[in-house]
Participant: 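Below you'll find the structure I mean.
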Amino acid sequence: MGADARPVGVRVGGGGRGAVGPRTSSRALQPPLPPLSFLFLLLVAAPGVRAAGYETCPVVHPGMLNVHLVAHTHDDVGWLKTVDQYFYGIQNDVQHAGVQYILDSVISSLLVEPTRRFIYVEIAFFSRWWHQQTNATQEVVRDLVRQGRLEFANGGWVMNDEAATHYGAIIDQMTLGLRFLENTFGKDGRPRVAWHIDPFGHSREQASLFAQMGFDGFFFGRLDYQDKSVRKEKQQMEQVWRASASLEPPVADLFTSVLPNNYNPPDKLCWDTLCADKPFVEDPRSPEYNAKELVDYFLQLATAQGRYYRTNHTIMTMGSDFQYENANMWFKNLDRLIQLVNAQQANGSRVNVLYSTPACYLWELNKANLTWSVKQDDFFPYADGPHKFWTGYFSSRPALKRYERLSYNFLQVCNQLEALAGPAANVGPYGSGDSAPLNEAMAVLQHHDAVSGTSRQHVANDYARQLAAGWGPCEVLLSNALARLSGSKGDFTYCRDLNISVCPLSQTAKSFQVTIYNPLGRKVDWMVRLPVSEHIFDVRDPNDTIVPSDVVIAPSSDISELLFSASVPALGFSVYSVTQVPGRSSHAHNRHPRSQKSWSRVLAIQNEYLRARFDPDTGLLVELENLDQNLLLPVRQAFYWYNASVGNNLSTQASGAYIFRPDRQEPLIVSHWAQTRVVKTPLVQEVHQNFSAWCSQVVRLYPGQRHLELEWTVGPIPVGDGWGKEIISRFDTVLETKGLFYTDSNGREILERRRDYRPTWKLNQTEPVAGNYYPVNSRIYIRDGKLQLTVLTDRSQGGSSLKDGSVELMVHRRLLKDDGRGVGEPLLEEGSGVWVRGRHLVLLDKAQTAATGHRLQAEKELLAPQVVLAPGGGAPYHPGVTPRKQFSGLRRELPPSVHLLTLARWDRTTLLLRLEHQFAVGEGSGNLSSPVTLDLRDLFSTFTITYLQETTLAANQLRASASRLKWTPDTGGGLPRELGVVREVWECWPGPG
């Protein structure tokens with residue numbers, strides 16, 4: 001069926017395997033989207049019409065400058081204190097903040113005066129507070145929401161970071177928060193605007209996601225100081241952000257407004273217990289009388305601010321971090337401000353001030369019917385002054401960043417098995433399984449001080465604690481689901497420390513079973529590595545056929561690892577049996593290997609697709625060859641470090657958790673040579689490189705692998721010389737890249753970067769290294785006209801190309817000074833975070849078809865198979881029913897270009913399904929970027945879809961009835977070119993029934 005076909009109703013029938021009724025239909029996944037007229041009908045509303053959700057907005061004065069006062073609090077979900085400490089108001093000696101008291105006080109103050117309004121954002125806090133309230137208080141709050149006096153902005157569980165977050169995790173956390181609002185307040189609680197006032201730079205993909213979630217506009221506070229200066233001068237503080245080159249406008253268009261004062265009140269106008277500004281004193285007999293002075297000051301301030309914006313409306317944020325614990329102080333003074341300023345209208349003043357909200361301010365802008373300039377790049381990197389680039393947090397706390405990415409992987413496995421196994425996953429022989437705790441913990445980790453690595457150490461520890469606590473109920477759920485789907489109740493074990501080769505069951509048992517679950521919509525072949533004792537093992541596949549295996553001992557340790565390749569069906573599992581061969585101990589490969597350079601001048605590893613050559617004298621990688629495509633590229637890889645600046649005569653700015661500022665431009669090499677050891681078996685070829693006591697790497701090739709794997713280990717970083725250090729892995733090539741390189745946007749779009757350049761203003765570059773760093777969520781690449789070198793990451797990192805033909809990624813940082821942005825402690829990474837292991841996957845391809853490799857491999861990296869062990873010999877789940885050792889949740893594989901983004905249980909009879917086309921227009925080889933028609937009829941093996949409704953991206957609105965405000969973009973000449981392309985994320989969720 002064509003792309004303009006609407007999916008018709010189908011309903012989920014649990015466990016059915018019969019044919020689907022005639023009311024099912026297929027849905028084409030293709031960019032560009034359906035014809036424009038069809039999209040307008042679904043997604044936009046004409047300006048000048050009273051749009052849904054704006055009925056409660058206050059009356060304005062058309063002939064005056066209307067100053068919209070937005071009363072708000074910004075409540076970090078962890079930063080200097082943990083989430084619980086902030087909510088309950090504990091450790092106020094660290095920071096005075098108690099969110100429960102803020103909400104108590106705000107609700108009470110709103111009831112005093114009907115014109116007062118307030119917005120709230122962080123649903124992680126609000127939902128907790130809500131569940132502690134009486135029914136009577138809840139009804140009062142519902143009335144306030146219904147009247148528009150308490151309004152929610154953004155509506156995510158947290159206000160997520162935009163640099164270190166993956167788009168899948170962003171969607172999940174937004175869905176969690178918006179679902180709470182929908183369930184609690186209905187359409188009255190649905191936010192109309194996105195509100196990212198504190199994140200440290202803004203990604204284009206974030207804007208695209210917000211647009212596809214149905215938001216009418218986007219407000220943020222932080223942007224580069226040079227950019228802001230230019231925008232104020234050109235009256236471009238507000239414009240349309242065209243956030244995708246692949247989605248047909250206006251699907252990813254989002255009206256974007258830069259707030260005038262970050263998110264703080266104007267100077268002299270902060271009336272909180274945390275502030276020291278003078279309150280209004282109206283009694284002229286008092287020696288403290290200041291009412292006239294404050295009114296005159298406000299009128300001047302409003303007029304000056306209004307010059308930077310294009311309409312007769314301007315916005316002022318009245319609040320800041322954890323303010324309004326005594327809301328009466330704020331509201332009492334705002335009441336007086338409004339009364340006294342508006343009284344000046346009788347004397348000829350043309351300023352009208354009112355309580356408002358971001359949505360109501362946006363509504364007035366929309367009614368102005370102006371044509372708005374268009375932005376097509378992003379807002380990275382962010383600097384708040386010369387030498388002050390916020391590019392360090394792209395890499396801060398790499399262990400936490402990896403744990404978050406691993407937890408995303410595990411949560412998707414948990415969600416999928418909960419959907420495939422049904423209620424048996426939640427209540428079964430292993431107890432009560434639940435995906436909610438990990439879902440909420442992952443949502444918390446998206447906060448802009450969590451995965452960003454910019455919290456205090458004890459808070460980072462608490463974030464990790466929340467993730468660990470969330471894994472437990474998911475492991476129970478997995479056990480229940482695997483037992484139900486396999487028909488065998490094994491004693492399942494989850495080895496969380498496989499990255500350091502620790503798994504007690506595999507290391508002690510003489511026989512065990514390995515269940516490998518594949519969360520992708522296509523079959524995968526996966527090399528399983530398990531720590532074992534020094535013995536010979538037989539490995540049998542689900543058909544009881546012996547498969548090739550090897551036991552390898554790492555040259556740097558005495559740990560033996562069993563290797564075997566597993567074939568796992570789409571959205572399913574395979575069970576392999578491992579048995580120790582009696583009486584035979586292992587002659588494991590390379591227990592005491594010697595340096596190959598002592599007996600050979602050729603140091604190389606290869607498989608059928610790739611060959612990597614190393615300098616036999618230095619042990620460094622020097623050449624990569626794609627044998628399949630006959631491509632050869634000299635590539636030199638080594639580790640370097642930047643000494644972290646502690647300030648100098650140009651600026652006192654030091655490198656810290658947020659800020660990256662090297663002491664000098666050229667990094668220092670860790671070592672000019674590496675001690676090398678080689679491991680070669682039929683199942684793996686490895687070069688082990690030891691650069692120093694704190695830096696090593698294994699360069700690895702498996703059979704059939706089209707990328708070179710570099711597994712690096714860094715730490716503890718030595719700081720005894722008095723210098724903090726920022727460690728990079730750098731790849732130097734002969735590619736003529738002309739100052740260009742490419743990075744992903746939240747793991748989805750690809751954006752072109754140019755060294756020492758910004759697309760929308762002339763850059764005065766004060767930091768040639770840090771000012772060229774960009775967030776790398778999943779990949780960075782360089783290319784010339786023929787070849788492309790791509791590096792995939794296993795977590796978010798900062799990266800750049802500081803010289804033509806070069807790519808660098810920051811893998812770890814340990815610092816001795818705070819950077820003065822509020823954390824108040826240096827980034828020393830105590831505990832397990834001092835020692836980090838990670839992987840870079842390197843691909844060499846033809847430039848025109850390189851996306852085929854990096855798109856599909858990045859998908860496999862993000863959603864890797866989950867390995868579960870059991871001793872074997874479990875009891876049957878159903879007596880008399882033979883267990884099965886292989887299972888697929890799909891009756892047919894998804895095409896390579898279609899990614900299963902979400903399969904999760906929504907409620908008892910409803911599932912949430914998201915599918916996306918993962919190739920950009922023109923990307924890849926063959927027809928990978930072409931439209932795909934996907935038939936959902938009997939696609940899944942454990943349930944039947946019997947009714948289907950298509951929703952917006954966050955699943956809180958039916959797409960057929962969703963509408964957004966329409967804006968008129970200025971698409972004339974002089975705009976920067978499109979910098980990246982993406983696909984629409986399309987999703988549906990079966991309706992209740």
Side-chain angles (χ1 to χ4, degrees), residues 29 166-169 171-172 405-421 435 474 478 481-482 485-486 514-528 541-542 565-576 702 704-707 709 744 747-748 777-779 792-794 839 841 843 851-868 886-904 911-919 923-924 928 932 934-936 939-943 983 985-987:
L29 305 176
H166 187 270
Y167 73 93
I171 294 169
D172 284 350
R405 189 64 57 86
L406 200 63
S407 297
Y408 176 80
N409 190 164
F410 191 57
L411 177 60
Q412 303 316 307
V413 170
C414 187
N415 286 338
Q416 290 178 8
L417 284 169
E418 189 173 29
L420 293 171
S435 60
C474 262
L478 259 65
L482 290 174
L485 296 172
S486 69
V514 184
T515 301
I516 306 107
Y517 176 82
N518 168 27
L520 296 181
R522 287 167 296 284
K523 172 194 151 203
V524 297
D525 293 317
W526 186 260
M527 187 63 70
V528 178
D541 68 12
S565 181
S567 179
V568 193
L571 208 67
F573 62 77
S574 295
V575 180
Y576 284 73
Y702 293 120
Q705 184 172 286
R706 295 180 181 269
H707 62 270
E709 177 181 323
D744 68 279
R748 195 155 182 257
N777 205 272
S778 65
R779 76 208 78 182
L792 301 180
T793 66
D794 66 350
R839 294 159 68 241
L841 309 183
L843 297 90
T852 302
H854 73 71
R855 286 284 182 192
L856 295 177
Q857 190 57 46
E859 182 189 32
K860 291 179 182 178
E861 182 68 20
L862 178 72
L863 294 178
Q866 176 66 40
V867 175
V868 183
Q886 198 159 50
F887 160 83
S888 176
L890 297 179
R891 296 187 186 278
R892 54 191 175 275
E893 291 191 356
L894 296 179
S897 51
V898 177
H899 172 54
L900 176 63
L901 181 59
T902 306
L903 176 63
L911 300 178
L912 175 65
L913 172 65
R914 291 188 181 100
L915 300 162
E916 69 167 317
H917 197 307
Q918 62 177 344
F919 281 84
E923 273 192 346
L928 285 175
V932 177
L934 187 65
D935 190 344
L936 296 179
L939 176 62
F940 297 95
S941 65
T942 66
F943 57 84
R983 285 298 188 192
V985 177
W986 174 84
E987 84 292 333

Participant: Dump the intermediate steps for side chain to side chain contact (heavy atoms under 4.5 Å, CB included) on Leu571 and Leu520, then the final yes or no.
Facilitator: CA-CA 6 Å; Leu571 208 67; Leu520 296 181; over 6 Å; no
Participant: Does Glu861 reach the main-chain N or O of Leu792 with its side chain, forming a donor-acceptor pair under 3.5 Å?
Facilitator: no
Participant: State which residues pass ring-ring contact (aromatic ring centres under 6.0 Å, His included) with His707; sequence neighbours excluded, sorted by chain then number.
Facilitator: none
Participant: For Leu928 and Thr852: C-alpha separation, side-chain torsions, deciding distance, then whether side chain to side chain contact (heavy atoms under 4.5 Å, CB included) applies.
Facilitator: CA-CA 8 Å; Leu928 285 175; Thr852 302; 3.6 Å; yes
Participant: Is the backbone N or O of Leu420 less than 3.5 Å from a side-chain atom of Thr942, with the two atoms forming a donor-acceptor pair by type?
Facilitator: yes
Participant: Of the non-hydrogen atoms in Ile171 and Leu901, which two are nearest, and what is the gap between them?
Facilitator: CD1-CD2, 3.9 Å
Participant: Report the residues that fulfil side-chain contact (heavy atoms from CB on, under 4.5 Å) with Ala169, sequence neighbours left out, ordered by chain and then residue number.
Facilitator: Glu404, Tyr408, Met442, Gln446
Participant: Considering residues at least two apart in sequence or located in another chain, which fulfil the side-chain hydrogen bond (donor to acceptor under 3.5 Å, both in side chains) criterion with Ser407?
Facilitator: Trp471
Participant: I'd like to check the side-chain hydrogen bond (donor to acceptor under 3.5 Å, both in side chains) partners of Gln412; sequence neighbours left out, ordered by chain and number.
Facilitator: Asp172
Participant: Grab the two heavy atoms, one from Gln866 and one from Phe410, that are nearest each other, plus how far apart they are.
Facilitator: OE1-CD1, 3.3 Å
Participant: Is a side-chain donor-acceptor pair under 3.5 Å present for Glu709 with Tyr702?
Facilitator: no
Participant: Check whether Tyr576 reaches the backbone of Ser567 with its side chain - one donor and one acceptor, N or O, closer than 3.5 Å.
Facilitator: yes
Participant: Heavy atoms only: give me the nearest Asp744-Gly747 pair and the separation to one decimal.
Facilitator: OD2-N, 2.6 Å
Participant: Between Leu863 and Leu900, what is the shortest heavy-atom contact and its length?
Facilitator: CD1-O, 4.3 Å
Participant: Any donor and acceptor pair, going by atom type alone, linking the side chain of Ser574 with main-chain N or O of Gln886 inside 3.5 Å?
Facilitator: no
Participant: For side chain to side chain contact (heavy atoms under 4.5 Å, CB included), just list the numbers for Val868 and Val514, CA-CA rounded to whole Å, side-chain angles, deciding distance to a tenth of an Å, and then say yes or no.
Facilitator: CA-CA 6 Å; Val868 183; Val514 184; over 6 Å; no
Participant: Just jot down the ring-ring contact (aromatic ring centres under 6.0 Å, His included) partners of His899, sequence neighbours excluded, or say none.
Facilitator: none
Participant: Taking the side chain as every heavy atom from C-beta outward, state whether Val575 and Phe573 have any atom pair closer than 4.5 Å.
Facilitator: yes
Participant: Could you grab the distance from atom CG of Leu862 to atom CZ of Arg405, nearest 0.5 Å is fine?
Facilitator: 6.5 Å
Participant: Atom CD of Gln416 and atom CG of Leu911: how far apart are they, to the nearest 0.5 Å?
Facilitator: 11.5 Å
Participant: For the residue pair Leu936 and Leu915, establish whether any side-chain heavy-atom pair is separated by less than 4.5 Å.
Facilitator: yes
Participant: Can you tell me how far apart CG (Asp525) and NZ (Lys860) are? Round to the nearest 0.5 Å.
Facilitator: 7.5 Å
Participant: For Arg522, which residues count as a salt bridge (charged side-chain N to carboxylate O under 4.0 Å, His left out) partner, sequence neighbours excluded?
Facilitator: Glu859
Participant: So, does Asn415 use its side chain to make a donor-acceptor pair with the main chain of Leu903 at under 3.5 Å?
Facilitator: no
Participant: What is the ring orientation for His917 with Phe919, classed by angle as parallel under 30°, tilted 30 to 60°, or perpendicular over 60°?
Facilitator: perpendicular
Participant: On a heavy-atom basis, which atom in Leu890 and which in Ser941 lie closest, and how many Å separate them?
Facilitator: N-OG, 4.2 Å
Participant: Quick check for you: to the nearest 0.5 Å, what is the distance between Asp794 atom CG and Arg839 atom CZ?
Facilitator: 6.5 Å
Participant: Mind checking the CZ-CG spacing from Arg892 to Leu939? Nearest 0.5 Å is all I need.
Facilitator: 5.0 Å
Participant: Nearest 0.5 Å, please: how far is CG in Asn409 from CG in Leu411?
Facilitator: 9.5 Å
Participant: Can you find a heavy atom in the side chain of Pro865 that is under 4.5 Å from one in the side chain of Val524?
Facilitator: yes
Participant: Checking Asn518 side chain against Pro569 main chain: does a donor-acceptor pair fall under 3.5 Å?
Facilitator: yes
Participant: Any ion pair linking Glu923 and Arg855 (charged N to carboxylate O, less than 4.0 Å)?
Facilitator: yes
Participant: Taking all non-hydrogen atoms of both residues into account, name the closest pair between Pro896 and Gln918 and its distance.
Facilitator: O-NE2, 2.9 Å
